[in-house]
*Asks:* 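I have a structure here, written as structure tokens, and I will follow up with some questions on it.
Computed from a predicted model, the values in this text were never measured in an experiment. Values reported hereafter were calculated over all heavy atoms of this structure, with side chains retained and with hydrogens, waters and symmetry mates removed. For the single chain, residues carry numbers from 1 onward in sequence order.
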Amino acid sequence: TTAVGAYILLLCHAWQQPQRGTLPNNRKLLARWSRLTLDEWDDVKDEVLLAFHDQGDLLVQNRMVAEATDAESRRKKVG
């Protein structure tokens, strides 16, 4: 339950980033955004971050990046 909650909270933050679908690769920030202590974060981070891949300073969730790109394309067609 803790890992699922942290994952959902991080997905919300990833959607709101300037580069949608990404998170800063920063342990303290990810723990805070997940509403966990650093020790709690360390216990669940491997499970939570399975859907993200490490690109140095950023963690990227490929499906969200694709969904954001698709949503932006649809928005441009409409408006």
*Asks:* Is W15 linked to F52 within one hydrophobic cluster, defined over Ile, Leu, Val, Met, Phe, Trp and Tyr using a side-chain heavy-atom separation of less than 4.5 Å?
*Replies:*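 Yes, one cluster joins them.
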*Asks:* When you look at Y7 and Q61, which way does the side chain to side chain contact (heavy atoms under 4.5 Å, CB included) test go after all the steps?
*Replies:* CA-CA 11 Å; Y7 180 68; Q61 213 279 4; 3.1 Å; yes
*Asks:* Under the side chain to side chain contact (heavy atoms under 4.5 Å, CB included) test against L58, which residue among L23, T22, N25, N26 passes?
*Replies:*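 Going through the options one by one, the only one that passes is T22.
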*Asks:* With side chain to side chain contact (heavy atoms under 4.5 Å, CB included) as the test, would you mind laying out the steps for V48 and W41 before giving the verdict?
*Replies:* CA-CA 9 Å; V48 171; W41 171 249; 4.0 Å; yes
*Asks:* Quick one, L30 with K45, criterion side chain to side chain contact (heavy atoms under 4.5 Å, CB included). Give me CA distance, side-chain angles, the key distance, then yes/no.
*Replies:* CA-CA 9 Å; L30 295 174; K45 70 179 177 181; over 6 Å; no
*Asks:* Going by the side chain to side chain contact (heavy atoms under 4.5 Å, CB included) test, name the single residue among I8, T2, L29, L10 that passes it with S34.
*Replies:*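 Result for side chain to side chain contact (heavy atoms under 4.5 Å, CB included) with S34: L10.
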*Asks:* Would you mind reporting whether R20 and V65 have side-chain heavy atoms less than 4.5 Å apart?
*Replies:*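 They are not in contact (no side-chain heavy atoms under 4.5 Å apart), so the answer is no.
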*Asks:* For D70, look at atom CG and say whether over 12 heavy atoms of other residues, nucleotides or ligands are found less than 6.0 Å away.
*Replies:*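 Correct, the count exceeds 12.
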*Asks:* Check whether L11 and V44 end up in the same hydrophobic cluster, where Ile, Leu, Val, Met, Phe, Trp and Tyr are linked by side-chain heavy atoms less than 4.5 Å apart.
*Replies:*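 Cluster IDs for L11 and V44 match.
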*Asks:* Could you check whether atom CD of E47 has more than 12 heavy atoms from other residues, nucleotides or ligands sitting under 6.0 Å from it?
*Replies:*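 Not buried by this count: 12 neighbours or fewer within 6.0 Å.
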*Asks:* Kindly indicate, with the supporting measurements, whether the criterion side chain to side chain contact (heavy atoms under 4.5 Å, CB included) is fulfilled by H53 and Q55.
*Replies:* CA-CA 6 Å; H53 68 274; Q55 285 192 337; 3.3 Å; yes
*Asks:* At their closest point, which heavy atom of Q17 faces which heavy atom of P24, and how far apart are they?
*Replies:*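 Smallest heavy-atom distance, with atoms named: OE1-CD, 4.3 Å.
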*Asks:* Mind checking whether H13 and W33 have parallel, tilted or perpendicular rings, split at 30° and 60°?
*Replies:*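 H13 and W33: parallel rings.
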